[in-house]
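Whatever order the structure lists ligands and atoms in, that order sets their numbers, starting from 1.
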Amino acid sequence: MIVQLKLIMSNMYTVLMQHIPVLLKEVVDILNPRVGDHVLDCTVGLGGHAKAFLENIGSKGFLVGIDADGENLKMARENLKEDKNVKLVQGNFRVMVSSTHDTFDIIFADLGLSSPHIDDPTRGFTYREDGPLDLRFDQTKGLSGAQLIAQISEKELADVLWQYGEIKSSRRLACAIKEQNVQSTLGLKKCAEDIVGRFARKLLPQIFQALRIAVNDELGSLNILLQQGPSLLNSGGRMGIISYHSLEDRMVKQSFRALDPSTYQILTKKPICPSEEEVKNNPRSRSAKFRVIQRVLE
Ligand SMILES: C[S@@+](CC[C@H](N)C(=O)[O-])C[C@H]1O[C@@H](n2cnc3c(N)ncnc32)[C@H](O)[C@@H]1O
């Protein structure tokens, strides 16, 4: 028992030490957290960006951090335990932004999954080791990847693979996944290898990403954030979103462009992307695109 506990603590410590927040300097530079600011971190994860916000807003500021994943939230709690002006909430940010009456100086979202998701084979996000095909950020709610595959039709599954993963053999792959009643990560990997042969290596990240987007309804949540977020900004407030998928970046770009320019100014004419050096140090940052708007001073 004590050995197990020590192992859990040391894993937790290792994860915190290894966690590298994406575009951290750029996020702080452009969102410019100031003393006393109220911040909403929609995807607090392990608290990497949140820590930097808290360092800048001081004890007069306040940060609300949301994450759908209870395990990540535990690590954020540990990472931010010195800070008293923090409220961490487990849930989907779409619920918070649709129901809150609070307003903020900074709203931030760093979309998608986090390193611990990929590192833990029991969560279903990796095919390096076998595990259940779960793929949920919030394991207390909704259908797992395996359940979703069982519930939707072959055509719907092919659409998911095509629309979110641009998988050319989406129909054949969907047919094989349904026929083989895939339940596990290695089961899905084998199925992909059967259908696309040597291309599986290249396509597997896209296949897993497509299913993950569907399982968590990630585009639905982003859409609600884009609709509600700007109106929750205080005068002069900034909203920034880091996305990792071309569909998400397109949604962010189009939604920011559709805002009334007399009320909201786009601060990033082009998305901010990680430098070569950042990608070298943190390959998971390679597809990041960061866009920011500001509510004009009224
Ligand atoms: C890229 S990580 C964030 C990392 C964080 N910025 C940090 O520095 O530690 C994305 C996080 O968002 C969470 N997440 C994704 N979609 C969400 C949603 N709709 N609502 C709440 N949390 C979400 C995931 O569970 C994951 O922990």
Distance to 0.1 Å, residue and atom name: give those for the protein heavy atom nearest to [atom].
{"atom": "atom 7 (C) of ligand 1", "value": "H19 NE2, 3.1 Å"}
{"atom": "atom 22 (N) of ligand 1", "value": "A68 N, 3.0 Å"}
{"atom": "atom 12 (O) of ligand 1", "value": "T43 CB, 3.2 Å"}
{"atom": "atom 25 (O) of ligand 1", "value": "D67 OD1, 2.7 Å"}
{"atom": "atom 19 (N) of ligand 1", "value": "N92 OD1, 2.9 Å"}
{"atom": "atom 4 (C) of ligand 1", "value": "D110 OD2, 3.4 Å"}
{"atom": "atom 20 (N) of ligand 1", "value": "F93 N, 2.9 Å"}

With heavy atoms of [X] as the reference, note each atom of ligand 1 found under 4.0 Å away.
{"X": "D69", "result": "25 (O)"}
{"X": "V44", "result": "5 (C), 7 (C), 9 (O)"}
{"X": "L111", "result": "1 (C)"}
{"X": "C42", "result": "21 (C), 22 (N)"}
{"X": "G91", "result": "20 (N), 21 (C)"}

### Query
So, the side chain of E248 versus the backbone of Y244: is there a donor-acceptor pair under 3.5 Å, distance only?
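At least one qualifying donor-acceptor pair exists.
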### Message
Quick one: does any side-chain atom of R291 pair with a main-chain N or O of K270 as donor and acceptor, under 3.5 Å?
### Response
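Side chain of R291 to backbone of K270, a donor-acceptor pair under 3.5 Å: no, none is there.
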Side-chain contact test, heavy atoms from C-beta onward, threshold under 4.5 Å: evaluate it for [X] versus [Y] and give yes or no.
{"X": "I293", "Y": "Q265", "result": "no"}
{"X": "I118", "Y": "R284", "result": "yes"}
{"X": "I266", "Y": "R257", "result": "yes"}

Which bit of [X] gets closer than 4.0 Å to ligand 1, counting heavy atoms only: side chain, backbone, both or neither?
{"X": "N72", "answer": "side chain"}
{"X": "V22", "answer": "neither"}
{"X": "F137", "answer": "side chain"}
{"X": "S221", "answer": "side chain"}
{"X": "H117", "answer": "side chain"}
{"X": "N216", "answer": "neither"}
{"X": "A76", "answer": "neither"}

Distance-only side-chain donor-acceptor flag, [X] / [Y], under 3.5 Å:
{"X": "E179", "Y": "N181", "answer": "no"}
{"X": "N234", "Y": "H38", "answer": "no"}
{"X": "S114", "Y": "N72", "answer": "yes"}

Identify each donor-acceptor pair in which a side-chain atom of residues 211-222 lies under 3.5 Å from a protein atom, sequence neighbours left out, and give them as a table.
{"residue": "R212", "atom": "NE", "partner": "E218", "partner atom": "OE2", "Å": "2.9"}
{"residue": "R212", "atom": "NH2", "partner": "E218", "partner atom": "OE1", "Å": "2.8"}
{"residue": "N216", "atom": "OD1", "partner": "F137", "partner atom": "N", "Å": "2.9"}
{"residue": "N216", "atom": "ND2", "partner": "L135", "partner atom": "O", "Å": "2.8"}
{"residue": "N216", "atom": "ND2", "partner": "R212", "partner atom": "O", "Å": "3.0"}
{"residue": "D217", "atom": "OD1", "partner": "G220", "partner atom": "N", "Å": "3.2"}
{"residue": "D217", "atom": "OD2", "partner": "R94", "partner atom": "NH1", "Å": "3.0"}
{"residue": "D217", "atom": "OD2", "partner": "R94", "partner atom": "NH2", "Å": "3.3"}
{"residue": "S221", "atom": "OG", "partner": "N92", "partner atom": "OD1", "Å": "3.4"}
{"residue": "S221", "atom": "OG", "partner": "N92", "partner atom": "ND2", "Å": "3.3"}
{"residue": "S221", "atom": "OG", "partner": "R94", "partner atom": "NH1", "Å": "3.1"}
{"residue": "S221", "atom": "OG", "partner": "D217", "partner atom": "O", "Å": "3.4"}

### Salt bridge K74-E71, side-chain N to carboxylate O under 4.0 Å
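Looking at K74 and E71, the cut-off is met.
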### Task
With sequence neighbours left out, write down each residue that passes side-chain contact (heavy atoms from CB on, under 4.5 Å) with Q180, or none if nothing qualifies.
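Q180 satisfies side-chain contact (heavy atoms from CB on, under 4.5 Å) with A176, V182, C191, D194 once adjacent residues are dropped.
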### Message
Taking the ring centre of each residue, are F125 and F208 less than 6.0 Å apart?
### Response
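Ring centres of F208 and F125 not closer than 6.0 Å.
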### Query
Are F256 and Y264 close enough that their ring centers fall under 6.0 Å?
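No: the rings miss the under 6.0 Å criterion.
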### Query
Are any of the N/O atoms in P21 less than 3.5 Å from those in ligand 1?
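Looking only at distances, the answer is no, because the N/O contact criterion of under 3.5 Å is not met.
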#### Entry: Nearest-option assignment for atom 1 (C) of ligand 1, heavy atoms, candidates V95, V27, L113
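The residue whose heavy atom sits nearest atom 1 (C) of ligand 1 is L113.
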### Task
Could you check Q147, H117, Q139 and say which one makes a side chain to side chain donor-acceptor pair (under 3.5 Å) with D134?
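Filter result, single survivor: Q139.
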### Query
Would you call A109 a ligand 1 contact, heavy-atom distance under 4.0 Å?
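Not so, A109 does not reach ligand 1.
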### Query
Does ligand 1 have any atom sitting under 4.0 Å from a heavy atom of H49?
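Heavy atoms of H49 do come under 4.0 Å of ligand 1.
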